Protein chains: 2
Amino acid sequence: MTIRDVAERAGVSTATVSRALSGARPVSPAVLEQVTRAAGDLGYSANGIASALRRSRTDTVGMVVPSIANPFFTALVEGVEHALQQAGRQLFLCSSRSDPALEAQRLRSLVARQVDGIIISPVHGVRSHDAVSWAAGQLPLVQVDRYVAGVDSDWVGVDDHLALRLVVDHLADLGVRTAAFVSSTLTNSSTELRVAGFQEHTARRGVAVDQVLLGEYSIDWGREAMRRLLAAGPLPDAVACADDLIALGVLQVCAETGVSVPADLLVTGFDDIPYAALSDPPLTTVRQPQDRIAGEAVRLLSAALGPDRAPPARSALAPSLVVRSSTGITPSG
Amino acid sequence: MTIRDVAERAGVSTATVSRALSGARPVSPAVLEQVTRAAGDLGYSANGIASALRRSRTDTVGMVVPSIANPFFTALVEGVEHALQQAGRQLFLCSSRSDPALEAQRLRSLVARQVDGIIISPVHGVRSHDAVSWAAGQLPLVQVDRYVAGVDSDWVGVDDHLALRLVVDHLADLGVRTAAFVSSTLTNSSTELRVAGFQEHTARRGVAVDQVLLGEYSIDWGREAMRRLLAAGPLPDAVACADDLIALGVLQVCAETGVSVPADLLVTGFDDIPYAALSDPPLTTVRQPQDRIAGEAVRLLSAALGPDRAPPARSALAPSLVVRSSTGITPSG
DNA sequence: TTGAAAGCGCTAACAC
DNA sequence: GTGTTAGCGCTTTCAA
């Protein structure tokens with residue numbers, strides 16, 4: 001079932017069928033009618049691979065994220081998919097599973113499959129460099145959320161420095177004098193900026209930094225980190241976390257061990273995933289404008305796909321603070 | 001930068017380059033070395049589109065799910081991606097956003113892009129029929145979790161009937177005499193089987209069915225349903241939910257309105273998403289063997305990609321009950 | 001407006 | 001083990 005079958009049935013050339021079906025060039029109404037009918041009768045659907053080879057474009061965009069289980073990335077992916085769809089493009093989604101080697105493989109695969117462009121949230125600030133840099137040299141590429149330095153590409157994400165200012169100011173205003181920070185090992189831009197922001201703003205507000213614990217972005221690491229804080233001696237006034245998953249793990253251990261939040265300890269997260277409002281107690285967190293990040297990423301990529309070469313853009317969008325019970329009034333208080 | 005450039009540089013034919021790089025046929029060590037070096041020097045990476053056109057296969061599998069924000073599907077997707085990767089295939093992921101029209105469009109697009117096969121969790125038991133049936137006629141297709149009846153394809157999912165037996169027996173054993181069920185509108189196989197299972201097993205155990213509320217699989221619908229139950233008068237002894245998102249919404253409203261779970265009301269979910277253990281109180285739920293479902297789906301698809309045509313397989317895998325505080329002892333009790 | 005024909009980059013016969 | 005060559009299905013010159 002190829003374009004030739006349709007051409008024969010409609011009594012025209014393959015060129016005419018192509019033009020009629022794609023609408024690329026005008027075709028007489030009578031012929032259009034015939035071709036449309038013939039294609040319909042035959043149940044013809046064009047071979048996108050052949051078309052892509054000929055046109056050397058696939059109308060497909062690849063996206064690589066460290067995890068599709070993390071609701072933050074899920075929301076980002078949904079936003080990107082939606083925005084792309086409106087631009088008539090498809091999304092080819094890959095998970096790098098936080099593994100630079102797998103990430104490199106995914107990028108090679110996307111380039112081999114001739115996607116028109118790539119949106120990536122790189123795993124690692126250093127170990128992702130070569131693969132991302134190579135890919136950016138092959139085709140238009142936009143980094144989201146995290147970025148690797150030294151790659152000539154656009155970036156869109158949240159203003160991490162501002163975000164930590166919102167968190168620390170909120171805690172300091174509540175009278176916090178000592179605070180710990182639980183984050184991921186310092187391997188990418190976002191993480192580094194969040195830790196740096198925490199250090200800077202606590203210093204500015206005269207809040208003593210109790211501990212900075214580095215692990216990974218997961219509930220399990222949050223649980224582990226909270227256990228370590230408990231084992232280390234007297235708790236600080238607050239624990240700020242670099243993402244909501246960590247914070248949810250921290251809250252879970254608090255509930256298990258009888259640490260009352262917020263009476264004994266204030267806890268904050270980052271991302272405002274849907275489950276942040278459902279924990280015990282509901283979590284105060286930083287809301288990222290994911291839809292705007294996704295939309296901007298697609299916009300930048302579309303621009304990069306166009307003819308004119310613009311200099312790399314970096315846009316840091318403003319986050320907002322969502323205050324819930326984990327730093328607020330306890331229900332029984 | 002094509003295979004011809006590599007061939008010229010290596011001083012061999014394009015066919016030899018193809019053979020050397022793909023390993024499809026033996027090549028002398030010296031030539032292999034030359035070709036590899038030439039390709040490396042040039043930074044050559046093969047054009048997968050051209051290769052796909054020639055071989056008429058893409059080594060790519062398409063997957064369509066109703067939502068990538070639902071952690072249940074996220075876990076399923078991760079499992080499928082992992083299993084495919086081991087089989088040397090890539091995943092092309094699409095979200096149908098629970099919209100049959102969008103789902104049909106995604107299927108058309110996947111077929112046009114010549115994926116080798118499709119794994120789909122259909123949106124709707126009836127309205128997905130035509131598109132899924134058409135796609136199944138074009139290429140190998142496996143349905144997961146949900147299915148549309150009357151399509152000649154494999155299916156893998158959980159044994160919903162058994163699952164509801166586990167839930168109802170657990171509740172009945174705890175002394176529950178009246179129970180409500182909160183689910184999605186009856187539009188697909190899973191949902192129907194869960195409601196039917198609830199009805200049947202409550203009847204068997206002599207538990208009176210208070211109400212069956214049908215909406216959608218979301219936290220918001222869980223909230224809304226619980227509000228309706230509160231407004232309707234005396235609460236039943238238990239509320240069973242058709243998925244964890246609904247149950248989390250129910251629990252949230254309970255917490256807000258002072259309904260003590262499990263003292264005043266028992267609540268159960270379905271799926272055992274990661275957040276089911278983090279709610280207030282932690283949620284008793286049915287654990288689906290997602291990894292096994294994903295693995296089995298890929299296995300069935302691989303079989304369907306092979307030469308021999310087997311009759312459609314239906315495998316319903318056994319779930320297990322995970323008991324947590326929402327039906328257990330209250331911490332203060 | 002339409003058709004003939006070239007060719008996108010690759011791989012698989014088929015020869016040697 | 002290697003080269004020559006045809007052709008996957010489509011789009012797009014070019015000519016009519």
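This structure is a prediction, so every number in the text was calculated from the model and none was measured. Naming convention: chains lettered A, B, ... in sequence-line order (proteins, then strands); numbering from 1 in each chain. Side chains are part of it too, since the values below use all heavy atoms of this structure and drop only hydrogens, waters and symmetry mates.
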Looking only at side chains, do B/T191 and B/N188 share a donor and an acceptor under 3.5 Å apart? yes
Mind checking the CZ-CD spacing from A/R9 to A/Q34? Nearest 0.5 Å is all I need. 11.5 Å
Would you mind reading off the distance between B/R19 atom CZ and D/dG3 atom P, rounded to a whole angstrom? 8 Å
Of C/dT11, C/dC10, C/dT2, the nucleotide closest to the side chain of A/V31 is C/dT2
Counting side-chain heavy atoms from C-beta on, which of D/dT2, D/dC8, D/dT11 comes nearest to B/R54? D/dC8
Closest listed nucleotide, where the reference is the side chain of A/A15 and the choices are D/dC10, D/dT4, C/dA5: C/dA5
Tell me the interatomic distance from B/L53, atom CG, to D/dA6, atom C1', rounded to whole angstroms. 13 Å
Considering only C/dA12, D/dG1, C/dG9, which nucleotide approaches the side chain of B/P26 most closely? D/dG1
Base, sugar-phosphate or nothing for A/A52? Non-hydrogen atoms, less than 4.0 Å. nothing
Calculate the interatomic distance between B/R25 atom CZ and C/dA15 atom C1'; express it in whole Å. 14 Å
So which nucleotide from D/dG9, C/dT2, D/dT12 ends up closest to the side chain of A/V27? C/dT2
Against the side chain of B/S18, the closest entry in D/dT11, D/dC10, C/dT11 is C/dT11
Counting only side-chain heavy atoms from C-beta out, which of D/dT4, D/dT2, C/dC10 sits nearest to B/S28? D/dT2
Atom CD1 of A/I3 and atom C1' of C/dG3 are separated, to the nearest Å, by 13 Å
Let me know the distance between CG of A/N47 and P of D/dG7, rounded to the nearest Å. 18 Å
Any luck finding a side-chain donor-acceptor pair between B/S184 and B/E216 under 3.5 Å? no
Residue A/S13, side-chain atoms from C-beta onward, closest of D/dC10, C/dG9, C/dG3: C/dG3
Short side-chain N/O contact to D/dC10 OP1/OP2 from A/Y44, under 4.0 Å: yes
Report the distance from atom CG of B/D5 to atom P of C/dC8, rounded to the nearest whole Å. 12 Å
Should the heavy atoms of other residues, nucleotides or ligands under 6.0 Å from CZ of B/R314 be counted, would the total exceed 12? yes
Going by atom types only, do B/T60 and A/R113 share a side-chain donor-acceptor pair under 3.5 Å? yes
Pairwise 5' ranking along DNA chain D for B/G11 and A/R4, keeping only the more 5' one: B/G11
Provide, to the nearest angstrom, the distance between the CD atom belonging to A/Q114 and the P atom belonging to C/dC8. 14 Å
Rounded distance (Å) that lies between atom C1' of C/dC8 and atom CD1 of B/I49: 11 Å
When all nucleic acid strands are considered with a 4.0 Å heavy-atom cut-off, which category describes A/S51: base, sugar-phosphate, or nothing? sugar-phosphate
